[in-house]
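What follows is a set of notes on a single structure, which appears directly below.
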Amino acid sequence: MMAAFVCAVDVGTGSARAGIFDAGGRSLARAERRIAMRQPQPGHAEQDSQDIWQAVCAAVRAAREEAGIAPQDVAGIAFDATCSLVVRDTEARPLGVSEDGDDRWDTIVWLDHRAIAQAAECTATGNRVLDHVGGVMSPEMQIPKLMWLKRHLPRQWPRAGYFFDLTDFLSWKASGSLARSQCTLMCKWTFLAHEEPGWRMDFLNAVSLGDMLERGNLPRRASAVGSDLGPLLPQAAAALGLTTNCRVGTGMIDAYAGALGVLGGFAADLASMERHMALIAGTSSCVMAMSPEPRPFAGGWGPYFGAALPDCWMSEGGQSATGAALDHVIRVHGAGGEPDAALHRRIAARITELRAVEGEAFARRLHVLPDFHGNRSPLADPNAVGVISGLTLDASFDGLCRLYWRTAVGIALGVRHILDTLNAGGYVIDTLHVTGGHTKNPLLMELYANATDCTVLEPEAGSDAVLLGTAMAAASAAGLHPSLAAASIAMRQRERARSPDPATRAGFDRDYRIFLEMHRQRQALETI
């Protein structure tokens, strides 16, 4: 009997998750393992790629066992991950990225902002690669991080032999292939997949990275998402609890896997795709929109050609701290504490009670601009800071609930800000597909519909769009479907719809005017 299942692996900021899927996109099982991260100084965040790989292997073994299938039943595997940077030496051993010289910590985490100055230098070049990053280079991308490494760790640079986006590192560990995903190279390395050659050497030379391709074993061409990288290596198969008959598919950045999981089904109807946007929301949030034609927008990343579906352009925006902003509010408030799931639920329940009594007057004079970790989109300002207006001496639990609610409102209005910018650039988005941790927060799900005036679709219970998108790539590589587009259509899952409440529109329109005015006033204060 032909193997009929695939394994999808998603590596986030704090954990590695693995899921087993059938060829129709049905999830059989999933498992999760934690990964370590250290922050040796403000703005720095590092991980251990060996620890990540071990967590991946443990999660895959556990998921397959839970699914009750044999190792030989898994025909394909693919990986998605955060856009963290993994550095190995010329012998493929971990090479430290920390100023303390410890080679264990060989990975700069995506949220690390050590390279803000280098990102500004990239922006100052005015090179046309910036046309595909919203005109402003982000410190979360790989070029500024590599500039920082070369400049601040000069003894490490000559030892370097491999530079990987985390997704490509995992694919390499599994298959031995040094191919890099078109998704990762386009979105984080300034590679232009729609041009020949794709690398702009004038830009790399301008930022003193002319040796990056050779130093990091980077290819001249990118590999399409879902393409077959070959079978699992024997040692990888043993560690993962699979067989060498399992094919490895080219993966994606995690947010792009989520976008594919919810938008890939529109591969059969590209004309309607521009009405839909994916919102992958957890610690931070990414918004993703696909179109048959390139549609750049100010403060957004892209458009990227073939970053998920072939022949489609992807534009990306985002908010650097959303779930993290709510956690922060809980931690710093006198009535807060450690922001675990139980405390979030308790706060949400109390907010529901208070709103039932106070109605639209609830926390009406409190306003939050939640840019506590900069503004990724649409302002592309990593130095932006948060603003809270309307504070009193209320240090009670109800006071925390009011601040939490208005922070959630600010997060939803930030999505509206990005939507307005996208639609001004040619999109006609009226439907949000939300996936990630925010689907567990009823307040945010309500706000995403009402504050944006969009229909909100969320996965049905048990569905996980990020793992599903990666499973689509694995199914394509394994030949369970003839192409990634065919896999996306065949494996698409059902969603539940939530319509906006017209009665709330005037109130949120007022809040949005205040939100925009707070942006303007913050910028004015910065100039004084």
Side-chain angles (χ1 to χ4, degrees), residues 11 35 38 44-54 56-57 79 81-110 112 114-115 118 140-191 197-201 203-205 207-223 229-230 232-236 239 248 250-251 253:
V11 178
I35 55 179
R38 75 162 184 171
H44 290 227
E46 299 161 0
Q47 290 180 323
D48 171 355
S49 67
Q50 292 288 86
D51 173 62
I52 294 172
W53 176 247
Q54 290 167 6
V56 164
C57 293
F79 304 89
T82 63
C83 54
S84 300
L85 173 68
V86 182
V87 181
R88 290 290 176 115
D89 69 13
T90 54
E91 302 299 320
R93 297 171 301 202
L95 183 63
V97 297
S98 181
E99 290 183 313
D100 65 13
D102 186 346
D103 280 341
R104 173 190 172 189
W105 304 100
D106 64 348
T107 302
I108 300 180
V109 183
W110 69 270
D112 184 291
R114 71 181 69 184
Q118 288 72 36
E140 295 174 11
M141 294 183 175
Q142 311 303 11
I143 298 299
K145 289 174 181 173
L146 288 167
M147 292 169 63
W148 186 95
L149 287 174
K150 189 172 186 179
R151 187 172 303 171
H152 289 266
L153 301 179
R155 288 182 295 180
Q156 297 290 72
W157 189 262
R159 296 175 58 201
Y162 301 87
F163 301 138
F164 294 103
D165 225 91
L166 181 53
T167 295
D168 295 320
F169 166 78
L170 295 170
S171 298
W172 169 70
K173 285 287 288 184
S175 69
S177 172
L178 287 171
R180 305 297 203 277
S181 168
Q182 189 161 317
C183 177
T184 59
L185 289 190
M186 275 216 72
C187 300
K188 303 302 173 185
W189 298 75
T190 70
F191 183 85
W199 293 109
R200 294 284 306 181
M201 293 308 301
F203 171 69
L204 294 177
N205 287 327
V207 296
S208 302
L209 288 182
D211 59 342
M212 182 187 78
L213 302 187
E214 182 178 0
R215 176 69 58 195
N217 259 293
L218 288 155
R220 297 287 172 172
R221 298 181 183 275
S223 297
L229 296 176
L232 282 174
L233 295 170
Q235 61 268 35
V248 180
T250 305
I253 298 166

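Atom set for the values below is all heavy atoms of this structure, side chains included, hydrogens, waters and symmetry mates excluded.
Between the CD atom in E46 and the CG atom in D106 there is a gap of 9.5 Å [rounded to 0.5 Å]. Rounding to the nearest 0.5 Å gives a distance of 8.0 Å between CD of Q142 and CD1 of I108. Separating the CZ atom in R221 from the CZ atom in F191 is a distance of 8.0 Å, to the nearest 0.5 Å. Atom CD1 in I143 sits 6.0 Å away from atom CZ in F203 (nearest 0.5 Å). Atom CG of L95 and atom CD of Q156 lie 4.5 Å apart (nearest 0.5 Å). Taking CZ of R200 as the reference point, atom CG of N205 lies at 11.0 Å (rounded to 0.5 Å).
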Run the side chain to side chain contact (heavy atoms under 4.5 Å, CB included) test on V109 and T82 for me, step by step, so that the C-alpha distance in whole Å, both residues' side-chain angles and the decisive distance to 0.1 Å come before the verdict. CA-CA 8 Å; V109 183; T82 63; 5.5 Å; no
I253 vs T184, test: side chain to side chain contact (heavy atoms under 4.5 Å, CB included). Steps then yes/no. CA-CA 6 Å; I253 298 166; T184 59; 4.0 Å; yes
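Put simply, the side chain of L185 reaches to within 4.5 Å of the side chain of W199, judged on heavy atoms. Looking at I35 and V11, their side chains come closer than 4.5 Å, going by heavy atoms from C-beta outward. For the pair L166 and I52, the minimum side-chain heavy-atom distance is below 4.5 Å. A heavy-atom distance below 4.5 Å is not found between the side chains of K145 and M141. Considering only heavy atoms from C-beta on, K150 comes within 4.5 Å of D211 through its side chain. In this structure the side chain of R159 reaches within 4.5 angstrom of the side chain of D103, judged on heavy atoms. Between L170 and V56 the shortest side-chain heavy-atom distance falls below 4.5 Å. Between L218 and M212 the shortest side-chain heavy-atom distance falls below 4.5 Å.
The ring of W157 has its center closer than 6.0 angstrom to the ring center of F163.
The minimum heavy-atom distance linking S49 with V86 is given by the pair CB-CG1, 3.9 Å. When all heavy atoms of D89 and Y162 are compared, the closest pair comes out as O-CD1, 3.2 Å. Contact detail for A45 and D112: the closest heavy-atom pair is N-OD2, 2.7 Å. Of all non-hydrogen atoms in T90 and A160, the two that sit nearest each other are CG2-O, 3.7 Å. Residues W172 and L233 share a closest heavy-atom pair of O-CD1, 4.4 Å. A pairwise comparison of heavy atoms in C83 and K188 identifies SG-CE, 3.5 Å as the closest pair.
Ionic pairing of D165 and R180 is not present here: no N-O contact between side-chain nitrogen and carboxylate oxygen is shorter than 4.0 angstrom. A salt bridge is defined here as a Lys NZ or Arg NE, NH1 or NH2 lying under 4.0 Å from an Asp or Glu carboxylate O, and E99 with R114 fails to meet this definition. Comment: D100 engages R38 in a salt bridge, judged by a side-chain N to carboxylate O separation of less than 4.0 angstrom. Between R104 and D48, at least one side-chain N (NZ, or NE/NH1/NH2) sits under 4.0 Å from a carboxylate O, which counts as a salt bridge.
For W148, the ring-ring contact (aromatic ring centres under 6.0 Å, His included) criterion is met by H44, H152, not counting sequence neighbours. D168 pairs by the salt bridge (charged side-chain N to carboxylate O under 4.0 Å, His left out) definition with nothing, not counting sequence neighbours.
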